[in-house]
Amino acid sequence: MNRQRVGFVGLGIMGGPMAGHLLSAGHDLTVFNRTPARCDPLLERGARVGASPRDVAAASDVVFICVSDTPDVEGVLFGPGGLAEGATAGSVIVDCSTISAEATAQFAARLARQGVALLDAPLTGGDIGARNGTLTVMVGGDAEAFERVRPLIECFGKRILHMGPSGAGQRTKMVNQIICALNVLGMAEGLAFAERCGMDLDKVLQVVTSGAAGSWALANYAPRIVRGDYAPGFPMHLQAKDLRLCLEEIRKLGGRFEGTALTERLFREAAESGLADQGTQGMINLLRRPG
Ligand code: NAP
């Protein structure tokens with residue numbers, strides 16, 4: 001693949017390794033992170049550091065973003081020194097953050113007026129997928145822009161799908177998060193019940209893991225609960241944020257999404273009461289509290 005001028009804004013748990021893969025693939029990489037020290041490992045490997053997102057856009061044909069939430073993406077795009085100030089017509093911005101689908105479509109329309117394509121490209125696969133370059137990437141936005149940047153996404157993504165117009169990537173991620181959260185809650189509640197009954201968790205898991213109750217959450221998280229391991233994985237505060245985004249969408253759609261409303265309330269309560277940095281398996285610690 002041709003060497004390209006690529007930018008990356010947001011070098012956190014996900015963005016840092018993703019940018020590293022783009023560099024390893026031989027691209028000409030310019031990065032920006034709000035906390036400058038997080039750029040150092042990439043700087044040592046030959047990346048350039050921009051003084052602002054604007055600098056990154058001015059030095060790049062394609063810019064990736066991976067920051068926390070909707071207002072953060074808005075600030076990176078349109079704030080003072082933002083990408084929009086440096087981006088030239090024909091360039092593509094790929095937002096890998098998990099944010100609002102509606103805001104994404106508004107941002108894309110605003111950037112389209114200056115000839116810049118914005119793709120939403122949220123991720124699943126966690127920190128391990130980011131490090132191994134095996135993420136799943138669900139993309140929304142202009143199909144032609146997607147085909148142009150697909151080889152770059154392949155530097156860190158294994159399964160890459162174009163889901164439809166702007167916001168379709170974010171809505172696909174919402175489907176994923178609704179299913180994951182309800183599964184984690186079911187797993188945690190089953191185990192909390194077994195504990196209250198005074199049962200041997202190891203033995204209970206031998207029975208339930210292989211039957212109809214089996215799930216990814218049960219296979220991967222229940223053994224960690226048995227070991228008392230609440231390290232993230234996927235942190236509680238991000239699950240709470242993602243469910244809040246789902247509820248924002250649901251309020252516009254209408255319909256009975258009561259499981260999502262319940263999990264949003266419980267994950268928010270967990271995140272606000274001392275469990276924010278535990279992995280989502282820490283939901284059981286909320287359920288262990290006296291009712
Ligand atoms: P993280 O480690 O907390 O990193 C967040 C990054 O965003 C940092 O570089 C941070 O800069 C930057 N940032 C936040 N607010 C900003 C602002 N207002 N202006 C400029 N930069 C800002 O988070 P992460 O785990 O990499 O997650 C990033 C995105 O990926 C989130 O939307 C998350 O939901 C999604 N995601 C995460 C996972 C996961 O397992 N972690 C999995 C799938 C999707 P500083 O260094 O200055 O704080």
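Note that ligands are numbered from 1 as they come in the structure, with each ligand's atoms numbered from 1 the same way. Basis for what follows: all heavy atoms, side chains included, without hydrogens, waters or symmetry-related copies. The structure presented is a predicted model; accordingly, all values stated were derived computationally and were not measured.
For ligand 1, one of its N or O atoms has an N or O atom of Leu11 under 3.5 Å away.
When Arg34, Lys173, His237, Glu74 are checked for heavy-atom proximity to atom 48 (O) of ligand 1, Arg34 turns out nearest. Between Val67, Val76, Ile128, it is Val67 that holds the heavy atom closest to atom 7 (O) of ligand 1. Taking only non-hydrogen atoms, the option from Arg38, Met18, Met14, Lys241 nearest to atom 38 (C) of ligand 1 is Met14. Looking at Thr98, Thr70, Asn33 and measuring to atom 9 (O) of ligand 1, the nearest heavy atom belongs to Asn33.
Taking every non-hydrogen atom of Asp72 and a distance limit under 4.0 Å, the qualifying atoms of ligand 1 come out as 15 (N), 16 (C), 17 (C), 18 (N). Those atoms of ligand 1 with a heavy atom of Ser97 less than 4.0 angstrom away are 32 (O). Close approach of ligand 1 to Gly10 (heavy-atom distance below 4.0 Å) involves ligand atoms 9 (O). Every atom of ligand 1 is numbered from 1 in the order shown, and the set under 4.0 Å from a heavy atom of Leu123 is 43 (C), 44 (C).
With hydrogens and angles ignored, the 3.5 Å screen pairs no side-chain donor or acceptor of Asn33 with any backbone N or O of Arg38. In this structure a side-chain-to-backbone donor-acceptor pair under 3.5 Å is present from Asp72 to Asp69. Side chain of Thr263 to backbone of Thr260: a donor-acceptor contact under 3.5 angstrom is found. Checked by atom type and distance alone, the side chain of Asp120 pairs as donor or acceptor with a backbone atom of Gly167 at under 3.5 Å.
The nearest protein atom to atom 47 (O) of ligand 1, hydrogens excluded, is given as Thr35 OG1, 2.5 Å; this is a heavy-atom distance. In this structure, the protein non-hydrogen atom closest to atom 5 (C) of ligand 1 is Ser68 OG, 3.6 Å. The protein atom (non-hydrogen) at minimum distance from atom 4 (O) of ligand 1 is Gly12 CA, 3.4 Å. Counting only heavy atoms of the protein, atom 30 (O) of ligand 1 lies nearest to Cys66 SG, 3.8 Å. At the top of the distance list for atom 2 (O) of ligand 1, counting protein heavy atoms only, stands Ile13 N, 2.9 Å.
With 3.5 Å as the limit, one finds a donor-acceptor pair spanning the side chains of Arg289 and Ser273.
Under 4.0 Å from ligand 1, not a single heavy atom of Thr124 appears.
Protein heavy atoms are found inside the 4.0 Å sphere centred on atom 34 (O) of ligand 1.
If you look at Tyr221 and Tyr230, their ring centroids are not closer than 6.0 Å.
With salt bridges taken as basic N to acidic carboxylate O contacts below 4.0 Å, none links Lys252 and Glu248.
A cation-pi geometry, defined here as NZ or CZ lying under 6.0 Å from the six-membered ring centre and within 45° of its normal, holds between Arg110 and Phe78.
Within 6.0 Å of CG in Leu201 there are more than 12 heavy atoms belonging to other residues, nucleotides or ligands.
Annotation: side chain of Val139 is not in contact with side chain of Met163 (no heavy-atom distance under 4.5 Å).
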